[in-house]
Amino acid sequence: MTPPGTMVPSATQPGATDLAGLHHALDGWFAESARELPWRSPDCSPWGILVSEVMLQQTPVVRVLPVWEDWMQRWPTPAHLAKEPAGEAVRHWGRLGYPRRALRLHAAAVAIQEQHGGAVPGTHHELLSLPGVGDYTAAAVAAFAYGQRETVVDTNIRRVHARLVSGHALPAQSLTAAEMRLAEALLPHDTSLSVRWNASVMELGAVVCTARSPKCAECPVRASCAWLAAGEPPPSYTPKGQAWHGTDRQVRGAVMAVLREADAPVPREMFEHAPADLGFAPSGVGVPLAALHRLNSAPQQLGRALDGLLRDGLAELHDGGLQLPA
DNA sequence: GATCCGTGGTA
DNA sequence: TTACCAAGGAT
């Protein structure tokens, strides 16, 4: 067994891996072929970077781009968003998914305004205290917005480390202490290089070292890859899928689609029974309401979904109807 | 630590 | 078509 705290690439692959060489190779690759994303622009504000990181949680870049652009134009600073009702953040979250993120981003904007003088805080500790900001997002914002040396560990970085260094097809099913130690051991000591290293490993995982059918022929560090050297062994477990059809989540999503389109409280009966004349419904909700009814979910399930949304603060009762939070 | 939380593209 | 998967966080 490798003693804790001493796990370095050279201990795993004696003589096979030159850490500085890896740093240089990925740094060059990133400079040459990284995607140009607006939140990577030198003029992107810390607020823009924070918004992008939250939107990118479990959500692909291509779907984040248009919503991020809309948000930045609409709310260029935390103060702009903090002045709005929380429901506006949810409404303009659109179909990004996990709408609680919009709620928390709004709460984060309020906290930034009230507790940080309107400026996104720059330390990992302060960032971590913001709603919706966990260890990954705090590290990412500290690194990418404030240039700090942070151990950034996301799903892409975990997968690259698993393959490149550990020789596994996939990382462990949950983030382990050993993975954090490895990430720390791999992080360049130079602060500026460490920021680019975090970004480049993440980019490699997103574009080349993908979960399914990785493009190893295009990989700038394939010669050092422990997984390739081992003959691409298969994963030691089969990932369990995320159920969707027939779940409460599906019903919640359909209800949220109705609320986003509504310009007035939607009577609760409208969620349970298709009104003979949708003219009685708030304008615009006809299509999402029909989609909800098409699910034909049991009254008990619909009840659970509505209660859950109220409990989570994604919906509120007004005049006997549901609407986005004020 | 396991579970819950949206949505849509892709193999 | 079904199932996997995507820059996680909160409980």
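Chain identifiers are assigned alphabetically (A, B, ...) following the order of the sequence lines, protein sequences preceding nucleic acid strands; residue numbering begins at 1 within each chain.
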_Taking the ring centre of each residue, are A/Trp47 and A/Trp75 less than 6.0 Å apart?_
no

*To the nearest angstrom, how far is A/Gln250 atom CD from B/dG6 atom P?*
12 Å

*Is there a donor-acceptor contact under 3.5 Å from the side chain of A/Glu179 to the main chain of A/Thr176?*
yes

*For A/Leu105, report the nucleic acid contact type (base, sugar-phosphate, nothing); a contact means any heavy atom under 4.0 Å.*
nothing

*For C/dA6, does either OP1 or OP2 sit under 4.0 Å from a side-chain N or O belonging to A/Arg158?*
no

*NA contact type, A/Ala140, heavy-atom cut-off 4.0 Å: base, sugar-phosphate, or nothing?*
nothing

*Would you kindly say whether A/Thr191 and A/Gln148 are connected by a side-chain donor-acceptor distance under 3.5 Å?*
no

*Using a heavy-atom cut-off of under 4.0 Å over every strand shown, decide if A/Arg63 touches base, sugar-phosphate, or nothing.*
base

*asked:* So if I take every side-chain heavy atom of A/Arg100 and compare against C/dA7, B/dT3, B/dC4, which nucleotide ends up nearest?
replied: B/dC4

_Nearest to the side chain of A/Pro60, heavy atoms from C-beta on, is which of B/dG6, C/dA7, C/dA6?_
C/dA6

*Check the distance between B/dT7's C1' and A/His245's NE2 and give it to me in whole angstrom.*
11 Å

*Describe the nucleic acid contact of A/Thr59 in one word from base, sugar-phosphate, nothing, applying a heavy-atom distance below 4.0 Å.*
base

*Between P of C/dA7 and CG of A/Leu65, the distance in whole Å*: 13 Å

*Whole Å only: how far is the CH2 atom of A/Trp197 from the P atom of C/dA7?*
17 Å

*Considering only the P atoms, how many Å lie between B/dC4 and C/dA7, rounded to the nearest integer?*
23 Å

*Rounded interatomic separation in angstrom, taking CE from A/Met55 and C1' from B/dG6*: 14 Å

_A/His318 atom NE2, neighbour heavy-atom count above 12 within 6.0 Å_ = yes

*Nearest-Å distance for atom pair CG/C1', residues A/Leu295 and B/dG6*: 13 Å

*What is the nucleic acid contact for A/Trp93, judged by heavy atoms within less than 4.0 Å: base, sugar-phosphate only, or nothing?*
nothing

*Return the nearest nucleotide to the side chain of A/Gln242; candidates are B/dG8, C/dC5, C/dA7.*
C/dC5

*asked:* Taking any heavy-atom pair under 4.0 Å as a contact, classify A/Asp312: base, sugar-phosphate, or nothing.
replied: nothing

_Side chain of A/Arg40 (C-beta onward), nearest among C/dA7, B/dT7, B/dC5_ = C/dA7

*Looking only at side-chain N and O atoms, does A/Thr137 come under 4.0 Å of OP1 or OP2 in C/dG9?*
yes

*Quick one: is A/Gln58 getting a side-chain N or O under 4.0 Å of the C/dG8 phosphate, OP1 or OP2?*
yes

*Between the main-chain N or O of A/His168 and the side-chain N or O of A/Ser166, is there a donor-acceptor pair closer than 3.5 Å?*
no

*What does A/Thr155 touch in the nucleic acid at a heavy-atom separation under 4.0 angstrom: a base, only the sugar-phosphate, or nothing?*
sugar-phosphate

*Kindly point out which of B/dT7, B/dG6, C/dG8 is positioned nearest to the side chain of A/Arg260?*
B/dT7

*Would you mind reading off the distance between A/Arg159 atom CZ and C/dG8 atom C1', rounded to a whole angstrom?*
14 Å

*Write down the distance between CD (A/Gln173) and P (C/dG8), rounded to a whole number of angstrom.*
17 Å

*Atom pair CG (A/Asp248) and OG (A/Ser297), whose distance is rounded to the nearest 0.5 Å*: 9.0 Å

_For a quick check of understanding: with a heavy-atom distance under 4.0 Å over all strands, which category does A/Val133 fall into, base, sugar-phosphate or nothing?_
sugar-phosphate

_Classify A/Gly134 by what it touches in the nucleic acid, base, sugar-phosphate, or nothing, heavy-atom distance under 4.0 Å._
sugar-phosphate

*Basic-acidic side-chain contact under 4.0 Å: A/Asp312, A/Arg252*: yes

*If you check every side-chain atom of A/Arg212, which of C/dG8, B/dG9, C/dA6 has the closest atom?*
B/dG9

*asked:* For a quick check of understanding: with a heavy-atom distance under 4.0 Å over all strands, which category does A/Leu96 fall into, base, sugar-phosphate or nothing?
replied: base

